[in-house]
Amino acid sequence: MSDIQKTYNEELNQTIKDLEEKARIIRQHVIEMIHEAGSGHPGGSLSAADILTALYFYIMRHDPKNLNWPERDRLVLSKGHAAPALYAALAESGYFPVEELITLRKLGSRLQGHPSMRHLPGIDMSTGSLGQGFSAAIGIALGGKLDRKDYYVYAILGDGEIEEGSIWEAAMSASHYNLDHLIAFLDRNRLQIDGRTEQVMSIAPVKEKWEAFGWNVIEINGHSIHEIIRAVDRAKTSEGRPNIIIAHTVKGKGVSFMEGSVHFHGKAPNDEQYQIAMRELRGKGVRP
Amino acid sequence: MKIMASAREVFGNVLMELGRKDHSIVALNADLSSSTKTSIFAKEFPERFFNMGIAEQNMMAAAAGLATTGKKVFASTFAVFATGRVYDQIRQSIAYPRLNVKIVATHGGITVGGDGASHQMLEDIALMRVLPNMTIIIPADAVETDRVIRYIVEHEGPSYIRLPRTKSPVLFSDDYTFEPGKGHVISEGDDVTIMAIGLLVDRAIDAAKLLKNKGISAGVVNMSCVKPIDRELIIECAGKTGAIVTAEEHSIIGGLGEAVASVLVQNAPCIQEMVAIPDVFGESGESEELMTKYGLTVEDIARKAERALERKAVMC
């Protein structure tokens, strides 16, 4: 191994460690926000936390001081109910004060229950009604292509969300228009409100479906920062085809009693659960 | 003999003309570009035209996404697919985030004809009226369509424009100007005011002539801008004639009639009669046969005007 390669690997390892630490902070914000609000969606916020962290703190080209920067990468949280994780990433990026996070879902707050671009800086598209954010991301990618810009458009989809028919309308159009600057993440946590995805509505075979729709499909462990970064690097080499990264995740990741639990899809932790969750997420006293 | 012109043709041509100067204009369609006449724009600017296929939901939300990149987005299809089928996309992705999407729907109303009830959109105004941030304009003829498209391209925010399938009489001269948010007084009258939209404006003008022969002075107002509606003018007309007839090619529920009624009951209660399609679905038939069967003729408007006057007389 050359010295340059060695230095690069060391730097990457350090970056990944820093990002993992950031993800832990994002998760703590998520639990604090939802506990304070008394309602919200912890499960799907925690499953998408590593993806959002890698995007906002390493992958995406964005600048909180320059909101309308035309060259910026865009992110559409199509599974809008994971808003707390997005808000935490935005606040930690500097789009608004971290102290504002605990106003989530409260009257007069800019942190609406689902992301609203007219309320909060940094939101590229209002979402909440499943399926639509994905189509909007396609519109943004069409605009970028038309303007010959090279920004990337990231969309985060839930696996339950792909039961929406319009997802497949959108999937068809993205490959028809060769939107290779569109990189979607499928947060494959295998649970939706009413139970396991395969029990509620069989969505398998997921990979083959996307391939059949003309997409470049990459499958990863959605909690490995390294795999997320590598997958996006690979997606960026795709020519003429939109990309979807099927990120295998665990709903509620990071909080023992929320992991793999349908119960915490859309339910806030009570005071006792909150204490346990925060203790677990703080781990070895990393953050007081 | 009335000169007839196609509002759809005008829309397609004006959009193409504006597209030459303004490169931020893009047009989306859902496999109906030849019917909606966005094909004229598509032919000239293929790179700024996106046929989204028979997939209206994706078209509307993608239109919203395009608007976030600074485009002036025109999304077109038949009125029935442009509103009812995609109500949630319009609500969540266009109206709520106040994005610059101009929904120009053709084939609105019962004059769609032979295609029958499945394609005759009679509830579009109702659906769009309840959405905050939405501007709704129903041009009365080809000339007004030209002015409205020129206005709406510069208007920042969600809008809904409804055009008919059929050609319609040209009512306005070349010097006609469209004023957003304002009703357009076509003729003054002392006894009753007829407020109409779309194809009913021409009929309202003829009804006023019919009434004049009977010694009744009827004013005619083109209320093309249904939202925001011209409250001041409605209140003024109520004060002047004390009897209002609304006329529209739309369900009696949720359209112009109820929009006017709402202003009246809250500000200047007066007699109102509604010419509109009753609470039923349409059916196949020739446009004119349907307009007659569902009570949207010149005579129907005149009859309602006379009825309004009778009721006013009883009140006084």
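Naming: A, B, ... by sequence-line order, numbering from 1 per chain. What you see is a predicted model; the values in this text were computed from it and never measured.
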Exercise for review: Kindly indicate whether the side chain of A:F96, heavy atoms from C-beta on, has any atom under 4.5 Å from the side chain of A:L90.
Suggested key: yes
Check your understanding: Considering only heavy atoms, which portion of A:L146 lies under 4.5 Å from any heavy atom of chain B: side chain, backbone, both, or neither?
Key -> side chain
Review point. Is a donor on one side and an acceptor on the other found under 3.5 Å between the side chain of A:K251 and the backbone of A:H265?
Key: no
Point to revise | Top contributor to chain A interface from B:R98, B:E47, B:M52 [non-hydrogen pairs under 4.5 Å] | key: B:R98
Review point. Looking only at atom types and distance, does a side-chain atom of B:D22 sit under 3.5 Å from a main-chain N or O of B:L18, one as donor and one as acceptor?
Key: no
Exercise for review: Only one of B:N29, B:T106, B:T77 passes side-chain hydrogen bond (donor to acceptor under 3.5 Å, both in side chains) with B:T36; say which it is.
Suggested key: B:N29
Review point. Would a 4.5 Å heavy-atom cut-off, applied to side chains only, mark A:R72 and A:N66 as touching?
Key: no
Review point. Which of the residues A:L142, A:I167, A:I138 is involved in the greatest number of heavy-atom pairs with chain B at under 4.5 angstrom?
Key: A:L142
Point to revise | Between B:N267 and B:R231, a side-chain donor and acceptor under 3.5 Å | key: yes
Study note, to complete from the structure: Heaviest contributor of heavy-atom pairs below 4.5 Å to chain A, chosen from B:K71, B:M60, B:R91, B:Q89, is B:Q89
Exercise for review: Answer with yes or no whether the side chains of B:E249 and B:T111 bring together a donor and an acceptor at under 3.5 Å.
Suggested key: yes
Revision key, fill the gap. Bottom line for A:A170: the part with an atom under 4.5 Å from chain B's heavy atoms is both
Check your understanding: Any donor and acceptor pair, going by atom type alone, linking the side chain of B:R162 with main-chain N or O of B:H107 inside 3.5 Å?
Key -> no
**Study point:** Side-chain (B:Q120) to main-chain (B:G109) donor-acceptor, under 3.5 angstrom
**Key:** no
Practice item. Measure A:F134 against the heavy atoms of chain B and call it side chain, backbone, both or neither at under 4.5 Å. Key: neither
Check your understanding: Which one of A:G128, A:S173, A:S129 has the most heavy-atom pairs closer than 4.5 Å to chain B?
Key -> A:S129
**Study point:** Polar side-chain atom of A:E161 near backbone of A:L130 as donor-acceptor pair, under 3.5 Å
**Key:** no
Review point. So what's closer than 4.5 Å to chain A heavy atoms on B:V73: side chain, backbone, both or neither?
Key: neither
Point to revise | Proximity of residues 102-121 of chain A to chain B, residues having a non-hydrogen atom under 4.5 angstrom | key: A:Q112, A:S116, A:M117, A:R118, A:H119
Revision key, fill the gap. Turns out that what part of A:N68 lies under 4.5 Å from chain B's heavy atoms comes down to neither
